[in-house]
Amino acid sequence: MKAEVARAALELVTEGCIIGIGSGSTVGHFVAALAEFGPRPSAAVAASRQTRRLLEGAGIPVVELPVAGDLELYVDSADEIDAFGRMIKGGGGALTMEKIVASSAERFACIVDESKLVISLGEQAAVPLEVIPAAVKLVERELAALGAIGWLREGAITDSGNALVDVRGLDLSDPVAAEIALDAIAGVVECGIFARRCADVAYVGKPTGEVGIIEFGE
Ligand code: 5RP
């Protein structure tokens, strides 16, 4: 399903554009499909070191975001996506750069297999937070005050050298409010709720090999 959906999303890519690319196994399929079938972007902005390596291996030049400027398209996957295009991301730990690159793009295409579709965010996935290491205990206490539980992802260090705290038990009935509340905790660099910058379109892979397309905000 991940390979099929990645290949279907190639139709969004304009030859010669500079594209933003997220992180994770579905994105790995997308980079492979891009290299094999095209269209060929002139360059890409990578949301993680892992994606940078994949792009370099595929012969696609990587540029930094300040050099690229605004992007026409960002392609990434998600841990969960709801019917409004709001997502939980960061299972792979690259959430901060993913949100920065996504927010610099005119269009966000989310490529997922159908197991990621949810009615309400938080049904399956914990919400990851990138946290300054010195603030981990403080953040855990602040989460408890919100009625949630956060725990350190042991051994995980982000590309920026920070810790990851996974959170369950949050009230996610208003994902924008939850995103703002989490980002307001001292020491939280970024949270994995993507509700303010949600997806514009989702390509959803099904077990039959078909790919559904959902346009949001129409
Ligand atoms: C990484 C992410 C990924 O998009 C998310 O974890 C989905 O990954 P995969 O494609 O491996 O299922 O947010 O930080």
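Each ligand, and each atom within it, is numbered from 1 in the order the structure gives.
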| query | Is there a side-chain contact between V45 and L71 (heavy atoms, below 4.5 Å)? | reply |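 Yes, at least one pair of side-chain atoms sits under 4.5 Å.
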| Mind checking whether V27 has an N or O less than 3.5 Å away from an N or O of ligand 1? |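 Not met; the criterion fails.
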| task | State whether the shortest distance between N or O atoms of G90 and N or O atoms of ligand 1 falls below 3.5 angstrom. | result |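 Looking only at distances, the answer is yes, because the N/O contact criterion of under 3.5 Å is met.
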Atoms of ligand 1, numbered as shown, that sit under 4.0 Å from any heavy atom of [X]:
{"X": "G93", "value": "14 (O)"}
{"X": "G92", "value": "1 (C), 6 (O), 14 (O)"}
{"X": "S77", "value": "4 (O), 7 (C), 10 (O)"}
{"X": "T26", "value": "9 (P), 10 (O), 12 (O)"}
{"X": "S23", "value": "1 (C), 2 (C), 3 (C), 4 (O)"}
{"X": "K2", "value": "9 (P), 11 (O), 12 (O)"}
{"X": "D76", "value": "4 (O)"}

| Looking just at side-chain N and O atoms, do S173 and D171 make a donor-acceptor pair shorter than 3.5 Å? |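 Checked: S173/D171 side chains pair up, N/O donor to acceptor below 3.5 Å.
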| request: May I ask you to establish whether R7 and F37 are in a cation-pi arrangement, using a distance under 6.0 Å from NZ or CZ to the six-membered ring centre and at most 45° from the ring axis? | output: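 R7 over F37 ring: yes.
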| Nearest option to atom 8 (O) of ligand 1, as decided by whichever heavy atom of S48, G28, S115, G24 sits closest |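 That would be G24.
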| field | Option passing side chain to side chain contact (heavy atoms under 4.5 Å, CB included) with Y203 (candidates I214, L12, V75) | value |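 The passing option is L12.
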| query | What part of A78 sits under 4.0 Å from ligand 1 if we count only heavy atoms: the side chain, the backbone, both or neither? | reply |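 Backbone only; the side chain of A78 stays clear of ligand 1.
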Among protein heavy atoms, which sits nearest to [atom], and what does the distance come to when rounded to 0.1 Å?
{"atom": "atom 9 (P) of ligand 1", "result": "S25 OG, 3.3 Å"}
{"atom": "atom 1 (C) of ligand 1", "result": "E98 OE2, 3.1 Å"}
{"atom": "atom 12 (O) of ligand 1", "result": "K116 NZ, 2.8 Å"}
{"atom": "atom 6 (O) of ligand 1", "result": "D79 OD1, 2.6 Å"}

| query | Salt bridge between E56 and R53, side-chain N to carboxylate O under 4.0 Å? | reply |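 Salt bridge flag = no for R53 with E56.
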| query | Got a salt bridge between K2 and E114, using NZ or NE/NH1/NH2 to carboxylate O under 4.0 Å? | reply |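 Salt bridge: no.
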| Shortest non-hydrogen separation from L34 to I21 and the atoms involved |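 Where L34 meets I21 most closely, the heavy atoms are CD2-CD1, 4.1 Å.
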| Is a side-chain donor or acceptor of R86 paired with a backbone partner of R197 at a separation under 3.5 angstrom? |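 No, R86 side chain to R197 backbone: no donor-acceptor pair under 3.5 Å.
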| message | Looking at E130 and L164, would you say the former's side chain and the latter's main chain have a donor-acceptor pair under 3.5 Å? | response |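 The answer is no, because no donor-acceptor pair under 3.5 Å joins these two groups.
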| query | How many angstroms lie between atom OG of S115 and atom CD of E80, to the nearest 0.5 angstrom? | reply |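 Rounded to the nearest 0.5 Å, the OG-CD separation comes out at 10.0 Å.
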